[in-house]
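Note that the numbering runs from 1 along the sequence shown for the chain. Predicted, not measured: the structure shown is a model, and the values here were computed from it.
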Amino acid sequence: MSLADLCLFSGVINVRARSSAATAARRRGAATSRAKYAEQAAGRREDYVWLREEQGHSIAQAAERMGVSYRQAQRWEALRRQERESAS
C-alpha cells in the first residue's frame with residue numbers, strides 16, 4: 001500500500017468514525033427527546049385523571065380543559081380503566 005493509499009484509507013476511517021459518533025449523538029438526542037415527551041405525557045394523563053376524579057368533570061369537559069381531542073380523552077379513559085382493573 002502506498003503512502004497516498006494509506007492516507008486515503010485513513011481518511012475513510014476517520015470519516016466513518018465521525019459519522020458513527022454523529023449517529024450515536026443523534027440516537028442519544030432522540031432517546032432524550034422521547035423520555036421528555038413520555039414524562040410530559042404522563043403529567044398530562046395525571047392532570048386528566050385529577051380533573052375526572054377530584055373535580056368530577058365529564059370526559060368532554062376534561063378534554064376541553066386539557067386542550068386535547070375527545071378521542072384522546074377516550075384513550076386516556078381506557079388507560080385509566082386498565083390501571084384500575086390491574087390494581088384490583
Side-chain angles (χ1 to χ4, degrees):
M1 199 178 266
S2 71
L3 183 57
D5 290 338
L6 192 57
C7 288
L8 180 61
F9 182 70
S10 173
V12 169
I13 290 173
N14 193 16
V15 168
R16 285 186 183 154
R18 280 191 307 231
S19 176
S20 177
T23 300
R26 277 193 302 277
R27 285 185 182 147
R28 282 191 305 274
T32 301
S33 293
R34 282 192 302 274
K36 285 182 183 178
Y37 179 81
E39 186 178 323
Q40 290 171 347
R44 286 192 304 270
R45 282 192 304 273
E46 287 175 11
D47 290 347
Y48 171 81
V49 169
W50 178 79
L51 285 170
R52 290 281 287 139
E53 292 178 355
E54 302 294 325
Q55 301 298 309
H57 284 46
S58 68
I59 295 174
Q61 290 170 326
E64 188 175 345
R65 285 282 305 271
M66 295 297 299
V68 298
S69 67
Y70 185 79
R71 190 183 246 354
Q72 179 62 51
Q74 287 177 317
R75 286 191 289 265
W76 286 345
E77 194 65 29
L79 285 172
R80 192 172 146 233
R81 274 199 289 308
Q82 286 176 350
E83 289 171 356
R84 272 191 278 149
E85 288 172 1
S86 66
S88 301

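Not counting sequence neighbours, the partners of V49 by the side chain to side chain contact (heavy atoms under 4.5 Å, CB included) test are E53, R80. Among residues two or more places apart in sequence or in another chain, the side chain to side chain contact (heavy atoms under 4.5 Å, CB included) test is passed with A38 by none. Looking at residues two or more places apart in sequence or on another chain, you find a side chain to side chain contact (heavy atoms under 4.5 Å, CB included) between Q55 and W50, L51, H57.
A donor-acceptor pair is defined here as one N or O able to donate and one able to accept, closer than 3.5 Å; such a pair exists between the side chain of Q61 and the backbone of S58.
Residue pairs meeting the ring pair (Phe, Tyr, Trp, His ring centres under 6.0 Å) criterion with at least one partner in residues 65-88, sequence neighbours excluded, are Y48-W76. Among residues at least two apart or in separate chains, there is no salt bridge (charged side-chain N to carboxylate O under 4.0 Å, His left out) pair with a member in residues 56-76. Screening residues 28-52 for salt bridge (charged side-chain N to carboxylate O under 4.0 Å, His left out), with sequence neighbours left out, gives R52-E77.
Atom CD of residue Q74 and atom CD of residue Q72 lie 10.0 Å apart, to the nearest 0.5 angstrom.
Here the closest heavy-atom approach between residue V68 and residue A73 is recorded as CG2-N, 4.4 Å.
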